[in-house]
Amino acid sequence: MKKLLALILAAVMLLAVMAPALAEEKVTLKIYAQYADDDTKVPYDYAVEKLAEAYPNVELELIVQAQDDGATLLSLAAAKNLPDIFQTGAGIMPTLRASNQMMVLNDVAEKTGFADKVFESAKDFLYADDGNIYAFPYAGNEYVLWFINKAIFADAGLEVPTTYDELLNCIEVFKSKDIVPLALFGQEGWITAAMYDTIATRFNAGGIKALDRGEAKITDEAYVEAAKALYDLTKAGLFQASVTSTNYDQASELFLSGKAAMFLNGQWYIEDATKALGDDVCWIAYPAPTAEVFEQSKNAFSGSGSVAGYAVNPDSPNAELAAEVAAFISEKYCEAKITLRNNPLVAVNTGLTNDTLPPMMQDLVAAIPEMTSTTAFTWGLTNTTFTNAIGTWTQALVSGEYTVDEFVEEIAAEME
Amino acid sequence: MNRYLANKKAVALFVAPALILFIVFVFVPIIQVFYYSFFEWDGVNQATFLGIDNYTKLFKSTVFSVANLNGLKFGLLITIYQIFFATIFALAVSDKRVPFRKFFRTAYFIPVVLSVTIVCQLWVSIFDADHGLLNTLMKRLGSSWQQNWLNGRYSAIWAVAFVNAWQWMGYQFALIVAGMKSISTDYYEAAELDGCTAVQTHWYMTLPLLKDTYNFCLLVSVTGGIKAFTEIQIMTRGGPGQATNTLAYIMYKQAFITHKYGYGLSAASILVLECLVVILVLNFLFRDRDEALLRREARRAGKGAKA
């Protein structure tokens with residue numbers, strides 16, 4: 001009897017010791033991701049929730065991405081201490097690739113079926129210039145939109161401007177009514193570059209992307225004319241006086257509170273603008289120098305996607321698993337963007353649709369097949385010197401404190 | 001004490017920890033700054049030697065002269081503002097006849113303990129050209145004098161420098177008050193007996209006795225101007241255009257935005273050299289002439305004795 005009891009006791013003790021090992025081991029993966037506003041928090045939270053169902057043994061430890069042009073990521077890379085999974089953009093990818101700190105994800109993309117699910121229009125964002133996959137994209141093509149408050153235009157008895165002369169007239173009327181014609185968060189270089197790009201596309205459809213790729217020069221007539229147009233509009237009072245010290249929150253508040261008639265931002269702003277202004281808000285084709293040019297160029301859009309998304313640290317002890325998780329998260333981001341953020345412009349075909357898209361998004365989706373060309377956001381540019389120069393000098397231009405000649409000469413000098 | 005100082009091993013033992021920390025965390029990084037400024041380097045991968053190309057490019061760029069001029073303007077404004085007001089306020093709160101001295105002593109220091117971000121945001125709102133306090137106040141007073149403080153190519157650097165001056169004046173004030181407290185009251189009693197007025201007492205006695213304090217205050221202000229960064233990053237991000245760039249801001253932009261660490265470090269090297277020159281010049285100007293004279297005479301006397 002005693003022997004039996006001793007045996008049972010020994011078995012219980014052995015089980016107690018072995019139990020954690022028998023249970024599947026939990027893996028914690030560090031992830032460096034954007035988590036700042038609804039557009040980034042909602043998809044992340046959704047992906048984490050779905051991950052818990054599909055990968056119950058995986059836990060994510062979030063490191064919130066700093067808005068620092070990749071400086072934190074590069075510091076981590078310099079210390080060979082990158083997280084298991086990290087969001088990255090086109091600007092710093094060459095540096096990380098050169099240091100062999102980005103895992104080649106071709107096999108995982110094939111194994112998980114991710115590569116097959118990527119929309120044809122987004123295939124360019126999946127494959128890098130050497131034909132390899134280094135990051136799982138989730139964002140599709142994104143566009144710079146010129147938002148307007150229709151109610152303010154109607155109150156002022158104004159039509160939507162299609163030419164710069166009409167726009168100048170709108171500026172004059174709005175200024176007389178103490179309304180900011182166009183609220184711009186000019187403290188950020190990317191939006192001033194986008195502003196210039198919307199004008200440059202009316203003169204050369206390639207916009208700033210053509211300059212970045214070396215297909216055009218800032219001294220070309222098209223770009224000089226675009227600078228002149230922006231300068232004249234600025235001098236006429238297109239923006240609020242403190243444009244270069246205005247941040248996003250301040251500019252958005254001006255527009256959403258009805259103190260500004262127009263606003264420039266990416267299409268991701270549709271959701272917030274619709275919530276605040278309802279049917280009063282819409283986006284318009286960028287105005288052009290003449291009605292004829294407007295007709296020719298109205299389907300040339302500023303913005304597009306770029307090689308970016310979730311990348312994986314090849315030195316991670318769980319690199320293979322991290323790669324699978326990265327692909328999973330990117331796909332779930334797309335689901336969340338479609339269903340929870342009313343944004344169908346994603347990279348991956350999830351099979352989901354949204355029948356309740358806001359009218360502005362419906363218009364954009366309808367416009368996509370008609371688009372004749374796109375350009376790039378500054379984070380999709382590949383030449384960091386040009387990216388810095390175009391941000392700095394378009395900001396100078398919208399301040400109205402620098403001449404067109406200075407704008408052209410300084411960018412040309414930096415590009416040399 | 002002399003016996004202890006004669007024991008070189010003991011001295012070395014006690015100095016070593018601080019010296020090692022200084023070498024590892026200050027001296028070596030400064031040497032690295034100079035070293036990598038001769039390379040093309042992205043901060044992660046292998047660096048490529050460029051010789052003096054980064055410096056040539058930097059000296060040729062228009063932003064370099066703008067940055068130096070801005071450093072000068074920044075330093076000038078904060079030095080004049082901070083030292084002038086800190087001195088006036090320190091003298092005022094040291095006078096026992098001034099009511100609420102303790103309150104003012106605390107009040108002048110309050111901006112120093114506030115977060116730089118909060119202070120900058122506060123002043124961004126005040127300077128706002130459209131709805132800012134300053135322009136609105138002028139409007140209410142019936143004046144048409146409206147300024148675009150932070151958006152102006154020539155006004156932005158002054159506006160940003162003023163914010164730094166306003167916030168850190170309290171720090172200089174605390175230094176000067178502490179310096180004044182270290183002056184023996186015997187001097188003031190003697191001056192009173194000699195019939196000196198308050199102005200004469202401070203002009204001929206307090207200020208000269210605070211020479212070392214002022215030397216330090218000037219060092220802090222002038223080098224603070226040359227290496228100005230925080231307020232610029234929060235309020236203008238170097239803009240409009242390059243109007244509020246400083247050497248520190250060039251370094252940041254090149255290293256962390258365009259990822260050209262080598263080029264950024266060439267700006268940092270110039271920044272270090274400029275600060276070093278300022279320190280040497282100020283130390284020379286504020287050297288104790290009497291002490292130097294005595295030392296020279298002692299040396300001469302020593303040589304004479306040997307001869």
Side-chain angles (χ1 to χ4, degrees), chain A residues 68-80 82 91-92 94-101 178 180 183 186-189 192 239-247 250 254 259 383-389 391-402 406-407 409-410 413-414 416, chain B residues 41-47 57 60-63 66 120-121 123-132 134-135 146-156 159-160 163 231-245 249-250 252-261 263-264:
Chain A
D68 59 0
D69 298 287
T72 302
L73 214 50
L74 286 180
S75 302
L76 291 168
K80 303 272 181 212
L82 280 173
I92 62 166
T95 306
L96 297 178
R97 272 169 55 186
S99 64
N100 296 319
Q101 295 194 70
D178 214 15
V180 175
Q187 198 182 52
E188 295 185 26
T192 57
F239 311 111
Q240 71 278 18
S242 52
V243 57
T244 60
S245 56
T246 305
N247 62 30
Q250 292 162 332
L254 281 174
K259 288 178 186 154
N383 183 339
T384 53
T385 302
F386 173 70
T387 308
N388 179 40
T392 300
W393 289 103
T394 50
Q395 193 204 43
L397 210 53
V398 301
S399 74
E401 297 275 319
Y402 291 81
E406 282 178 294
F407 169 82
E409 282 164 18
E410 289 292 345
E414 289 198 38
E416 272 174 24
Chain B
W41 187 41
D42 59 17
V44 179
N45 295 296
Q46 191 72 35
K57 192 176 154 195
K60 274 186 188 169
S61 67
T62 52
V63 72
V66 171
C120 288
Q121 291 301 344
W123 280 99
V124 165
S125 306
I126 293 172
F127 283 136
D128 187 277
D130 302 287
H131 309 287
L134 270 177
N135 282 356
Q146 297 287 296
Q147 291 297 306
N148 203 341
W149 302 99
L150 294 171
N151 200 49
R153 180 174 181 173
Y154 302 106
S155 63
V160 175
V163 175
E231 291 82 5
I232 291 166
Q233 169 68 357
I234 299 168
M235 297 175 76
T236 59
R237 298 196 189 172
Q242 55 188 20
T244 52
N245 267 269
Y249 204 77
I250 294 177
Y252 164 77
K253 251 186 158 176
Q254 292 300 332
F256 298 110
I257 296 180
T258 64
H259 312 306
K260 295 185 189 309
Y261 277 74
Y263 186 46

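Computed from a predicted model, the values in this text were never measured in an experiment. Residue numbers start from 1 in every chain, and the chains themselves are labelled A, B, ... in the order their sequence lines are given, proteins ahead of strands.
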Determine whether a donor-acceptor pair (N or O, by modelled atom type, separation under 3.5 Å) exists between the side chain of [X] and the backbone of [Y].
{"X": "B/N151", "Y": "A/A241", "answer": "yes"}
{"X": "B/N45", "Y": "A/T95", "answer": "yes"}
{"X": "A/Q395", "Y": "B/Q242", "answer": "no"}

Part of [X] within contact of chain B (heavy atom distance under 4.5 Å):
{"X": "A/N100", "answer": "neither"}
{"X": "A/A98", "answer": "both"}
{"X": "A/T392", "answer": "both"}

Task: Part of B/K60 within contact of chain A (heavy atom distance under 4.5 Å) - done: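 No part of it gets close to chain A.
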TODO: Flag yes if more than 12 heavy atoms outside A/K259 fall under 6.0 Å of its NZ atom; otherwise flag no.
DONE: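 Result for NZ/A/K259: open.
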Task: Test item: A/N388 and B/Q254 side chains (from C-beta on) under 4.5 Å apart, heavy atoms - done: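 Counting from C-beta outward, A/N388 and B/Q254 do come under 4.5 Å.
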Task: A/E401 vs B/N148 side-chain heavy atoms within contact, under 4.5 Å - done: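 They are not in side-chain contact.
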Task: Sequence-distant partners of B/Q146, side-chain hydrogen bond (donor to acceptor under 3.5 Å, both in side chains), two or more places apart - done: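 Checked B/Q146 against side-chain hydrogen bond (donor to acceptor under 3.5 Å, both in side chains); zero matches.
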Which residue out of [options] racks up the most heavy-atom pairs below 4.5 Å with chain B?
{"options": "A/T387, A/V243, A/V180, A/T246", "value": "A/V243"}
{"options": "A/A396, A/A71, A/S399, A/A413", "value": "A/S399"}
{"options": "A/S245, A/G186, A/G70", "value": "A/S245"}

Which atoms form the tightest heavy-atom contact between [X] and [Y], and what is the distance?
{"X": "B/D128", "Y": "A/S242", "value": "OD2-OG, 3.2 Å"}
{"X": "B/H259", "Y": "A/D69", "value": "CE1-O, 3.2 Å"}
{"X": "B/M235", "Y": "A/Q187", "value": "O-NE2, 3.2 Å"}
{"X": "A/A78", "Y": "B/G43", "value": "CB-O, 3.3 Å"}

TODO: Tell me, out of B/A243, B/P240, B/A129, who's got the most heavy-atom pairs with chain A below 4.5 Å.
DONE: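 Top count of heavy-atom pairs under 4.5 Å with chain A: B/P240.
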TODO: For chain A, find which of B/K57, B/K253, B/H131 contributes the most heavy-atom pairs closer than 4.5 angstrom.
DONE: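 Greatest number of close heavy-atom pairs with chain A: B/K253.
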Task: Side-chain H-bond candidate by donor/acceptor type, B/T62 with A/E410, under 3.5 Å - done: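 A/E410 and B/T62 do have a side-chain donor-acceptor pair below 3.5 Å.
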TODO: Take B/R153 and A/E406, measure what salt bridge (Lys or Arg N to Asp or Glu O under 4.0 Å) needs, and give me the verdict at the end.
DONE: CA-CA 13 Å; B/R153 180 174 181 173; A/E406 282 178 294; 2.5 Å; yes
Task: B/Y261: partners by ring-ring contact (aromatic ring centres under 6.0 Å, His included), with sequence neighbours left out - done: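 Partners of B/Y261 by the ring-ring contact (aromatic ring centres under 6.0 Å, His included) criterion, ordered by chain and then number, come out as B/W41, B/F256.
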